[in-house]
A.B. asks: 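I have a structure I would like to understand better, so I am pasting it below and will then ask my questions one at a time.
Computed from a prediction, not measured in an experiment: that's the story for all the values here. Proteins get letters first, then strands, A, B, ... in listed order; numbering begins at 1 in each.
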There are 2 protein chains.
Amino acid sequence: MDVKSLCLGALSLKDASGYEIKKMFEEGPFSHFYDAGYGSIYPALNKLLADGFVTCTEIEQEGRPAKKVYSLTETGLSSLKEDLNKLPVLDKTRSESITMLFFGHLLSPKHREEILESYIDYFRNGCECIEGVDPTGQPAGRLFVRGLGLAVYEAAANYMEENKDLLLSIDEENDETEKQNNLLVETGDAA
Amino acid sequence: MDVKSLCLGALSLKDASGYEIKKMFEEGPFSHFYDAGYGSIYPALNKLLADGFVTCTEIEQEGRPAKKVYSLTETGLSSLKEDLNKLPVLDKTRSESITMLFFGHLLSPKHREEILESYIDYFRNGCECIEGVDPTGQPAGRLFVRGLGLAVYEAAANYMEENKDLLLSIDEENDETEKQNNLLVETGDAA
DNA sequence: ATAACCATGTAAATGGTTACATGATTAG
DNA sequence: CTAATCATGTAACCATTTACATGGTTAT
């Protein structure tokens, strides 16, 4: 599963241009479990076009640049189904916020709280973003994923709010160490 | 934040060899929010050694290959703290399981259930894996992250178990479409 | 005016995975 | 006897990100 398959997936929902596919990835429910930039979408679409998995119609617009709208072909749909019927690769999550909180004892209290608060905001925004999309009439798969995203984001935000003090308590525990650490950061001149 | 910073982080907990760092990533609470293979860890350690961020002691062992145990230097610790005091990059999650369930209507009912069940197992195993590590005496940061992982995994597993029927109900809704889709998969000969 | 949005693309750089290479020991 | 564990490393490959390049329109 790469950006090519992802584009095929997006096009299975509706015909779209590269620009619109990007929007689908970052605005729709898509954004919460996969992402892709222009630098990967445009080459992917050109590759799919060359392979006959999509067709392309150039559409002139008044007062806007022309856009290339892509449609799935029958071979494109078959290819997508083949991808979809493989066994999924295990999830890969890369969270710098969690990594930083994990090493909370090396952080200044101020920065630790800053990270915590913006991470809570991140999940609350995620919830709002999902809730903002009207689920009426959506197929079961998308409803399921929507609910899963909501459940996970809410659980994360709630846990963090309820356990803030666990992280903030480091201050009292390690007060002396903290001071030394901060001194080191101020003094140290690493590359 | 790359594998180099991650190695510095691991070494801030205790001195270790590349092999041991890998184990920390895949067994400890680490595994749930970041991962790295030998192909990135060994080059990272050599780079860190060349930069003076770590020192290396070769330790001969009876009946085992010699191992290189790395320790953080003062500049290494400063560098780690610098990394840690930046603003974290937003989480990046890549879930093929969710992508596949999202396109549930294009999946055979059997495969859809298979993905769902093994995804639930994945989260349940994640919980067991986290619970399997004794939290006694761990610093606040690690306790916090431990609890967060547990909360998120439990929420995901519970949601999926409670809403299984949402996905399995696609069969009745789209019975005719399904048959056509399956026919297409069997007939189609995409590259 | 200035930023944001619409719209497409390429090239270089980054960073990581996979496969390969080696080899002894121990547990099932 | 076979698989797993311990232990290190390189080279090729791959995918994606970032920076660059261009340019009109619309909203603030």
A.B. asks: State whether B:F53 and B:K4 meet the cation-pi test: NZ (Lys) or CZ (Arg) under 6.0 Å from the six-membered ring centroid, and within 45° of the perpendicular axis.
C.D. replies: no
A.B. asks: Just to verify, what does B:E162 make a side chain to side chain contact (heavy atoms under 4.5 Å, CB included) with, not counting sequence neighbours?
C.D. replies: B:N158
A.B. asks: Taking salt bridge (charged side-chain N to carboxylate O under 4.0 Å, His left out) as the cut-off, I'd like each qualifying pair that reaches into residues 52-65 of chain A, sequence neighbours left out, listed once.
C.D. replies: none
A.B. asks: Tell me, please, which residues at least two apart from A:K92 pass side chain to side chain contact (heavy atoms under 4.5 Å, CB included).
C.D. replies: B:D35
A.B. asks: If I take atom CG in residue B:L48 and atom P in nucleotide D:dT8, what distance separates them, rounded to the nearest angstrom?
C.D. replies: 15 Å
A.B. asks: Look at the side-chain N and O atoms of A:K23 and state whether any lies under 4.0 Å from the OP1 or OP2 oxygen of C:dC5.
C.D. replies: no
A.B. asks: Roughly, in whole Å, what's the span from CD in A:E60 to P in C:dT8?
C.D. replies: 12 Å
A.B. asks: Separation of A:K67 atom NZ from C:dA7 atom P, in whole Å?
C.D. replies: 5 Å
A.B. asks: Applying ring pair (Phe, Tyr, Trp, His ring centres under 6.0 Å), which residue pairs with at least one partner in residues 57-90 of chain A are found, sequence neighbours left out?
C.D. replies: none
A.B. asks: Can you pull out the residues from residues 11-19 of chain B that lie within a 4.0 Å heavy-atom distance of DNA chain D?
C.D. replies: B:S17, B:G18, B:Y19
A.B. asks: Give, for atom NE2 of A:H32 and atom CZ of B:F102, the distance between the pair rounded to the nearest 0.5 Å.
C.D. replies: 10.0 Å
A.B. asks: Would you please name every residue forming a side chain to side chain contact (heavy atoms under 4.5 Å, CB included) with A:L6, sequence neighbours left out?
C.D. replies: A:F25, A:Y34, B:T99
A.B. asks: Return no unless some side-chain N or O of A:Q61 is found under 4.0 Å from OP1 or OP2 of C:dC6.
C.D. replies: no
A.B. asks: One character per nucleotide, please: for nucleotides 21-28 of chain C, 5' to 3', B when the base has a protein heavy atom closer than 4.0 Å, S when only the sugar-phosphate does, - otherwise.
C.D. replies: --B-SS--
A.B. asks: Clusters formed by hydrophobic residues whose side-chain heavy atoms approach within less than 4.5 Å: which one holds B:I59, and what are its other members?
C.D. replies: B:V69
A.B. asks: Whole angstroms only, please: what is the NZ-P distance between A:K47 and C:dT10?
C.D. replies: 14 Å
A.B. asks: Test question: given the 4.5 Å side-chain rule for I, L, V, M, F, W and Y, name all other residues clustered with A:V89, or answer none.
C.D. replies: none
A.B. asks: Over its full length, what angle do the end axes of the helix from C:dA1-D:dT28 to C:dG28-D:dC1 make, each axis taken from five pairs and the result rounded to 10 degrees?
C.D. replies: 60°
A.B. asks: So, A:T73 side chain and A:G52 main chain: donor-acceptor pair closer than 3.5 Å or not?
C.D. replies: yes
A.B. asks: Can you measure B:I41 atom CD1 to D:dA7 atom C1' for me and round it to whole angstrom units?
C.D. replies: 13 Å
A.B. asks: Side chain of A:Y42: nearest nucleotide among C:dT10, D:dA7, C:dT8?
C.D. replies: C:dT8
A.B. asks: Is the backbone N or O of A:Y42 less than 3.5 Å from a side-chain atom of A:N46, with the two atoms forming a donor-acceptor pair by type?
C.D. replies: yes
A.B. asks: Give the rounded distance in Å between these two atoms: NZ of B:K22 and P of D:dT8.
C.D. replies: 12 Å
A.B. asks: Tabulate protein N/O versus nucleotide N/O from nucleotides 16-21 of chain D, keeping only pairs under 3.5 Å, one per line.
C.D. replies:
unit_1 : atom_1 : unit_2 : atom_2 : d
D:dT16 : OP1    : B:R94  : NH1    : 3.3

A.B. asks: Once side chain to side chain contact (heavy atoms under 4.5 Å, CB included) is applied, do any residues pair with A:N163, and if so which ones, sequence neighbours excluded?
C.D. replies: A:Y159, A:L166, B:F144
A.B. asks: Please check: side-chain N/O of B:R146 versus main-chain N/O of B:I130, any donor-acceptor pairing under 3.5 Å?
C.D. replies: yes
